[in-house]
Amino acid sequence: MKVRSVPTAALVTIGVLTVASCGSSSDPGGESSGDYAKDGSFTTIVNTDPGNLHPLITNLTATQAINSYTNDSLLAIDPKTRAAGSYLAEKWSENGTSLNFTLKKGITCEDGTTFTAQTAANNINWVVDKTNGSPWLGASVPETAVATADGDELTIKTAEPAPFLLERIGALKLACQAALDDPASVRSSSNGTGLFKVTEVVANDHVTLERRDGYNWGPNGETTSDTLGVPKTVTIKIVTDAATTANLVLTGTVNAAPVAGADIERVEASGLESMTSNTLSGQFIFNHNAALPTKDEAVRSALVQAIDLDDYTDINTGGKGSRATALAVVDPRACDYDSVTGVVPKFDMTAAKKTLADAGWKPGSDGVLTKDGQPLQLTVIFANYRDITSAAAEYAMKQWQELGAKVELRGGDNNFIISNTFAAKDLTSWSISIGLTVQSDTPSIFVPYFSGPVPPAGVNFASIDNPEYTELAAKASVLPGQESCSVWKEAEQALFTSSDVVPVSTSPNFMFFNGATSLYAPIGGTLAGPGIRVLK
C-alpha cells in the first residue's frame, strides 16, 4: 500500500525517546482493500498516561495520541511536502495576516450537535483567552489571533504576519462546544468530531474507544464509518517499558507499537512491517531558577564542555542515532538549517574546569566545587526504563563528577520525567533534564517553552531568560514562512551559545505492525485514527 499524506500537527511533543513525529515511511505490506477485516479491533500503545484528554488543555504526546482518534483538525498536512489537504475544511486560503476556511457541511460532534465554523472560531478564541491556560497559545495560535464565523466561513486574523500560520492553526485538534463550555466534561472522556469516541479510561492502564456512526469527513475524503478495515473498537494500552512494548507487538497482543533503540533489531528480524520516523532522542535542558547553580552560564557551559556529545549520542541511541542539528528535527522540517555545528561547545574537560575556575568556583574539602557558599550540586532527571538511556545518564554523571560536581541521578518512566520537570510543583527540585525532549517540526513553537513567564503563569518550565533569544524570536515571529528561517536559526544559536538548552541526538523510531496497517505515517510515535486499517 502506498502511504498517503497524514493529518499531522505542527506541535510540541513533550515526551522521551519513544515519541517520534511524522516522517518518512515505508510500504506497510502492500495490502489491498480485500485484505481488510470488517468491524475488527485494533490495539496500540502509548508510553505514558495521557492525563487530561481535553485537546486544548494539554500538549503531552500520549494525550495527542488519544486526540488523534477523537478530535479532528481543519486541515491534513502532508508529512513530506507540508502541503495542505482537506479535513474539516474543504477550502482554505492564506493572505498575510488572514486565514480563511470553508468548513464541510454535516459535521457532527459525539454528543449529536453540529460542528460549525462558529464552533471552530470559538476554539481559536478559547485558546487566545489566557484565563484558559492553553499550552497552544503562542505555540499554534498567535496571541493576537481573532476568529470570526459567517455561515460556513471561518476567518482568523492576526495583528502581524506569523510564520507557518496555516499549518499551525490548520493542524490544531478542535473540541466541540460542550467541551469548551465545560472543559472538565472531557477530562476522562471525549466530545469531538473524530471517528472514535472514548468509552473507558483506566488510569495508567488503558483507554478504550468505539467507532462512531455517520462519520464521512475523514482526511482527504478517504475514510468514513463504513470504510472496510476501519476498526470497530480501539484499545490504547499504557506501557512504559520498551522491551515489553516490543514483546507485545511481536506476539500480536498489540497491532501496532513504536519501537526504538536496542529493541529495533529483534523486532525487525521477525519480518513485521514498519514505518519509520525521526525523533529527538537526546536533549539537555538546564534549570535557570535563581536558587540553583545552573543559573550560572559558566556552569552550564562547563557542563556541556565536560560531555563528549558524540559518545553520549552513541550510548543514548544504542549506536543507531546521530547528532541533532537544530531544535526542530521533526520531518518535514519547516526550516532546514544546522544551528548546532560550531555553536555548541566541544568536548574539552580541561577547558571545562578552567571555565568554572575563571568564574570563581573552587573545590571544597570534599572536592565538590563551591561558589559564594553554594556547592555545585546537581539533580539530574533521566529515563531509566531503557538500558541505553540509563547508561547515558551514568556516563554524564561520571563526567560531571570529574568536573567537580556532586550529582544525584533521579530516573523514572515518562510520567516521572514529565512530573519532575515540565510539570514540577517545586521549580527548584531539578537542575538538569536529560530525559525530557521538547520537539517539533516548526521552530516558532518553542518560544513559550524557552522564554516568557514561568509556571503557573506560563510554560517556561526551566525559567530560561535569554534576552537575545527573546528578541530574535519576536523578530522571526512576524516574518512569513521561509523568510523567517534565517532568524530562527540565529535565535536557536542564542540559546546554544548560553547553553540554555542543547539538542543532542536524533534517532530513527519504528512503528511496527502486526495484524493491521495504516494509510498514514506515524505522528508523535502514534497513528492517526482515520488511517487505521485492520487486516483479516
Side-chain angles (χ1 to χ4, degrees), residues 7-15 19 21-22 50-68 70-77 87-89 99 101 119-147 154 156-159 162-177 179-181 183 186-187 190-194 327-328 330 334 418 422-423 438-453 455-461 473 477 523-524 526:
T8 186
L11 50 81
V12 170
T13 56
I14 303 291
V19 297
S21 295
C22 58
N52 191 330
L53 298 183
H54 196 298
L56 301 182
I57 285 180
T58 184
N59 56 5
L60 299 182
T61 308
T63 314
Q64 293 175 66
I66 309 299
N67 294 156
S68 74
T70 59
N71 297 79
D72 297 329
S73 53
L74 291 167
L75 301 176
I77 307 298
Y87 205 163
L88 294 179
L99 298 178
F101 299 92
T119 315
N122 293 345
N123 272 261
I124 302 303
N125 295 330
W126 194 94
V127 172
V128 172
D129 185 347
K130 293 183 178 180
T131 63
N132 291 319
S134 175
W136 300 111
L137 179 60
S140 288
V141 181
E143 294 185 5
T144 63
V146 176
L154 166 68
I156 302 168
K157 294 184 177 181
T158 59
F164 318 111
L165 185 62
L166 181 68
E167 298 96 323
R168 290 161 61 190
I169 288 183
L172 185 69
K173 295 298 183 185
L174 303 179
C176 287
Q177 190 60 49
L180 298 178
D181 295 338
V186 292
R187 177 180 295 274
S190 61
N191 188 6
T193 61
L327 280 179
V330 174
I418 292 168
F422 180 72
V438 184
Q439 54 184 306
S440 178
D441 59 353
T442 308
S444 58
I445 289 180
F446 296 104
V447 176
Y449 300 92
F450 298 141
S451 67
V459 291
N460 180 8
F461 63 98
S477 294
I523 309 169
T526 60

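Worth saying up front: this structure is predicted, and the values here are computed from it rather than measured. Reckoned from all heavy atoms, side chains included, excluding hydrogens, waters and symmetry mates.
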State, yes or no, whether a side-chain contact exists between [X] and [Y] at a heavy-atom distance under 4.5 Å.
X	Y	answer
Pro183	Ile57	yes
Asp441	Phe164	no
Leu56	Leu172	yes
Asn123	Val141	no

Could you give the distance from [atom1] ([X]) to [atom2] ([Y]), rounded to the nearest 0.5 Å?
X	Y	atom1	atom2	value
Phe450	Asn460	CZ	CG	8.5 Å
Leu75	Leu166	CG	CG	5.5 Å
Leu99	Ile169	CG	CD1	5.5 Å
Leu88	Lys173	CG	NZ	8.5 Å

| message | Less than 3.5 Å apart, any donor N or O on the side chain of Ser134 or Asn132 sitting next to an acceptor on the other? | response | no
| query | Are side-chain N/O atoms of Thr58 and Asn52 paired as donor and acceptor at under 3.5 Å? | reply | no
| task | Take Cys176 and Thr193, measure what side chain to side chain contact (heavy atoms under 4.5 Å, CB included) needs, and give me the verdict at the end. | result | CA-CA 7 Å; Cys176 287; Thr193 61; 3.9 Å; yes
Under a 3.5 Å distance rule, please check whether [X] uses its side chain to pair with a backbone N or O of [Y] as donor and acceptor.
X	Y	answer
Trp136	Pro55	yes
Asn67	Leu53	yes
Thr158	Ala145	no

Which atom pair, heavy atoms only, marks the closest approach of [X] to [Y]?
X	Y	result
Pro448	Leu137	CG-O, 4.4 Å
Asn71	Leu174	ND2-O, 2.9 Å
Thr119	Leu180	O-CD1, 4.3 Å
His54	Trp126	CE1-CH2, 4.4 Å
Gln64	Asn59	NE2-O, 2.5 Å
Phe101	Ile156	CE1-CD1, 4.0 Å

| request: Quickly, which of Pro443, Pro142, Ser444 forms a side-chain contact (heavy atoms from CB on, under 4.5 Å) with Pro163? Name it, please. | output: Ser444
| query | For Pro455, what residues pass the side-chain contact (heavy atoms from CB on, under 4.5 Å) criterion, not counting sequence neighbours? | reply |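 Scan of Pro455 (side-chain contact (heavy atoms from CB on, under 4.5 Å), adjacent residues dropped) gives Leu427, Phe461.
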| Residues in side-chain contact (heavy atoms from CB on, under 4.5 Å) with Asp181, at least two apart? | Gln177
| request: Determine which pairs satisfy salt bridge (Lys or Arg N to Asp or Glu O under 4.0 Å) with at least one residue from residues 131-145, sequence neighbours left out, and list them in order. | output: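 Residue pairs with at least one partner in residues 131-145: Lys130-Glu143.
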